[in-house]
Amino acid sequence: MIQIADILLAWYDKNGRHDLPWRQTRDSYRLWLAEIMLQQTQVESVKPYYQRFLNALPNWEALAAAPQDQVLALWSGLGYYARARNAQRAAQKIVADFAGEFPNTPESAESLPGVGRSTAAAVLASAFAQQRAILDANARRVLIRTQAIRSDPKASKTLQHLWKLAEVQTPADAHTYNQAIQDFGAMICVPRHPHCDACPLQRRCLAYAGGLSEQLPLPTRKPEKPDRCGFFLQLEDRSGRIFLEKRPDSGVWGGLWCLPQFNPAGSSLPFLCDDQQKALADGFLLRERVRQFCALRHGLVVEVKALTRLQKHVFTHFQLHFRCILATLQDDQIAPGVADQILTGRWFTRENALAEGLPTPVRKILSQTS
DNA sequence: CAAACGTGGCC
DNA sequence: TGGCCAAGTTT
């Protein structure tokens with residue numbers, strides 16, 4: 001009996017995306033980098049970042065030794081920046097603990113920051129020709145449809161079952177098969193309106209047999225996406241330089257350079273709700289609150305010049321509504337009595353700022369208002 | 001184990 | 001336009 005794997009391999013041989021940049025190599029560094037970049041990120045988004053990153057940092061040693069700011073600048077715009085920080089930590093661990101070679105067992109590979117079960121399997125299969133199964137979103141969807149799995153796709157029991165299926169179904173040539181099932185999921189067994197009329201697995205697909213192709217995988221609970229509101233401070237000095245602060249490694253935009261996020265409420269809450277923000281934006285209090293914030297937080301004496309319109313940036317788990325406060329540095333002197341530890345920012349020319357790792361909305365702001 | 005973590009494309 | 005989804009891992 002012809003196995004599903006054989007059909008996928010034959011389909012891939014004829015229809016697969018053999019020209020993707022990371023399909024031209026068996027180098028573990030290049031394979032690993034592609035896997036990390038492709039986590040939760042679409043192929044077309046990754047392509048330009050992948051080439052640029054490899055040109056700048058072509059191997060483990062270069063990545064391990066690079067300044068974190070360079071790594072984040074190369075990642076800027078890709079999102080999920082913990083991936084970039086973890087990638088550098090992984091490179092440092094490989095150089096320090098694994099003699100500069102990607103480790104060749106699942107346990108050791110998964111000890112690398114940012115490398116989980118699926119990523120480890122993908123690299124081991126392709127770099128070392130090991131028989132390792134992956135379970136990414138594509139493989140998951142294909143298995144759920146072909147096996148007509150009607151349980152919650154996120155439930156741990158379902159995932160255990162899917163991993164078992166993936167392992168059973170993965171042939172000796174896992175390197176080719178893993179790519180085959182991913183391309184199949186990306187081109188035929190797509191999330192919505194799968195192309196069942198062109199599907200070589202049609203005769204063996206339980207979802208198709210049961211008329212469930214459009215219903216599976218079962219939808220998962222959509223969490224509430226709250227609105228958050230705030231201000232970005234766009235401070236300029238006399239020579240037109242911009243003030244940015246480096247965000248802490250944990251949390252949103254970790255490690256990136258960012259316009260200071262101004263919290264006029266003075267509380268520990270990072271954002272105001274919208275009506276509060278409107279009231280403040282229209283009120284005369286804003287000017288004084290900004291001056292106070294800059295003096296206390298950064299030791300800067302500033303004057304507010306303007307306020308931009310409301311803009312929006314959407315994250316996975318919330319939406320950020322913000323305005324920019326345009327202000328100028330009034331006095332180049334640091335305010336007296338300011339402790340060093342609160343001087344958390346640096347001044348950048350616009351050009352130098354845009355060369356750093358910036359969150360996408362900050363990059364847009366600084367690109368627009370030249 | 002649920003929540004956190006970015007961004008862009010699609011319909 | 002707004003919700004859905006994408007080559008997941010970490011805490």
Side-chain angles (χ1 to χ4, degrees), chain A residues 16-17 20-23 31-50 72 75-87 89-90 109-123 125-126 133-142 152-160 162-163 166 175 177-187 189-194 217-228 247-256 258 270 312-320 357-364:
Chain A
R17 297 174 293 184
L20 295 177
W22 43 89
R23 297 244 170 105
L31 292 164
W32 162 84
L33 180 66
E35 291 300 325
I36 301 299
M37 284 190 168
L38 287 162
Q39 288 170 5
Q40 304 289 282
T41 307
Q42 298 190 342
V43 165
E44 289 308 312
S45 301
V46 166
K47 279 181 180 172
Y49 285 88
Y50 183 70
L72 289 172
W75 210 274
S76 181
L78 252 192
Y80 284 120
Y81 298 98
R83 292 183 296 173
R85 299 191 310 274
N86 285 335
R89 291 205 293 138
E110 287 169 37
S111 77
L112 298 170
V115 177
R117 182 171 176 183
S118 193
T119 299
V123 176
S126 289
I134 61 167
L135 189 62
D136 54 24
N138 285 313
R140 198 159 55 233
R141 186 172 57 253
V142 172
D152 174 3
K154 302 293 183 190
S156 74
K157 185 153 188 185
T158 307
L159 288 173
Q160 281 179 40
L162 290 170
W163 270 110
H175 160 66
Y177 173 78
N178 289 343
Q179 297 172 46
I181 197 167
Q182 287 177 316
D183 278 9
F184 181 76
M187 299 166 71
C189 201
V190 293
R192 278 180 303 180
H193 311 309
L218 254 42
T220 53
R221 286 268 175 273
K222 39 156 194 177
E224 292 274 317
K225 190 177 283 190
D227 290 320
R228 298 186 185 176
R247 298 182 63 90
D249 269 359
S250 64
V252 171
W253 299 330
L256 273 64
C258 192
K312 186 171 76 169
H313 184 75
V314 180
F315 291 80
T316 310
H317 47 305
F318 65 91
Q319 307 185 72
L320 175 62
L358 308 174
T360 289
V362 173
R363 183 170 300 283
K364 284 178 182 165

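We name chains A, B, ... by the order of the sequence lines, and we start the count at 1 in each one. Keep in mind that what you see is a predicted model, and the values were worked out from it rather than measured.
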Closest listed nucleotide, where the reference is the side chain of A:Trp253 and the choices are C:dC4, B:dT7, C:dG8: B:dT7
Between CZ of A:Arg192 and P of B:dC10 the distance, given in whole Å, is 12 Å
Just to be sure I understand the rule, does A:Trp75 reach a base, reach only the sugar-phosphate, or reach nothing, if contact means heavy atoms closer than 4.0 Å? nothing
Taking any heavy-atom pair under 4.0 Å as a contact, classify A:Val115: base, sugar-phosphate, or nothing. sugar-phosphate
Determine the contact category for A:Lys222: base if any of its heavy atoms lies under 4.0 Å from a base atom, sugar-phosphate if only primed atoms, P, OP1 or OP2 are that close, otherwise nothing. sugar-phosphate
Would you classify A:Pro361 as touching base, sugar-phosphate or nothing, given that sugar-phosphate means primed atoms plus P, OP1 and OP2, and contacts are heavy atoms under 4.0 Å? sugar-phosphate
For a quick check of understanding: with a heavy-atom distance under 4.0 Å over all strands, which category does A:Arg247 fall into, base, sugar-phosphate or nothing? nothing
Would you mind classifying the nucleic acid contact of A:Pro359 as base, sugar-phosphate or nothing, using non-hydrogen atoms under 4.0 angstrom? sugar-phosphate
Report yes or no: is there a donor-acceptor pair, N or O only, under 3.5 Å between the side chain of A:Ser118 and the base of C:dG8? no
Per the atom types in the model, does the base of C:dA7 pair as donor or acceptor with the side chain of A:Arg17 at under 3.5 Å? yes
Sugar-phosphate, base or nothing in reach of A:Pro113, heavy atoms under 4.0 Å: sugar-phosphate
So which one's nearest nucleotide on DNA chain B is more toward 5', A:Ser156 or A:Leu358? A:Ser156
Report yes if some heavy atom in the side chain of A:Arg140 is under 4.5 Å from a heavy atom in the side chain of A:Pro153; otherwise report no. no
Once you round it to whole Å, what is the distance between P of B:dG6 and NE2 of A:His317? 7 Å
Please state the P separation for the pair C:dA7 and B:dA3 - nearest whole angstrom. 23 Å
Selected nucleotide, minimal atom distance to A:Thr119 side chain, candidates B:dA4, C:dG8, C:dA7: C:dG8
Ignoring hydrogens and angles, state whether a donor on the side chain of A:Gln179 or A:Arg23 is under 3.5 Å from an acceptor on the partner side chain. yes
Report the residue (A:Thr41 or A:His193) whose heavy-atom-nearest nucleotide on DNA chain B is the more 5′ of the two. A:Thr41
From B:dT7, C:dC4, B:dG8, pick the nucleotide closest to the side chain of A:Tyr81? B:dT7
Which part of the nucleic acid, if any, lies within contact of A:Leu31, taking any heavy atom under 4.0 Å across all strands shown: a base, the sugar-phosphate backbone alone, or nothing? nothing
Taking only side-chain N and O atoms of A:His313, does any of them lie within less than 4.0 angstrom of OP1 or OP2 on B:dT7? yes
Nearest whole angstrom, please: distance from the C1' of C:dG3 to the CZ of A:Phe315. 18 Å
Whether A:His313 and A:Phe315 hold their rings parallel, tilted or perpendicular, with breakpoints at 30° and 60°: perpendicular
Quickly work out the A:Arg85 CZ to B:dC5 C1' distance and round it to whole Å. 9 Å
With the side chain defined as heavy atoms from C-beta on, A:Lys312 is closest, among C:dA7, C:dG2, B:dT7, to C:dG2
So if I take every side-chain heavy atom of A:Thr360 and compare against B:dA4, B:dG8, C:dA7, which nucleotide ends up nearest? B:dG8
Looking at A:Arg141, I'd like to know whether one of its side-chain N or O atoms comes within less than 4.0 Å of OP1 or OP2 on C:dA6. yes
Using a heavy-atom cut-off of 4.0 Å across all strands, would you classify A:Gly185 as base, sugar-phosphate, or nothing? nothing
A:Tyr49 OH to C:dA6 C1': how many Å, rounded? 15 Å
Nearest to side-chain heavy atoms of A:Gln42, which nucleotide of C:dG2, C:dC5, C:dA7: C:dC5
Student check: side-chain heavy atoms of A:Tyr49 and A:Thr41 closer than 4.5 Å: no
Once you apply a heavy-atom cut-off of 4.0 Å, does A:Ile134 come out as touching a base, just sugar-phosphate, or nothing? nothing
Starting at atom CG of A:Leu162, determine the distance to atom C1' of C:dG8, rounded to an integer number of angstrom. 15 Å
Phosphate OP1/OP2 of C:dA6: any A:Gln40 side-chain N/O under 4.0 Å: no
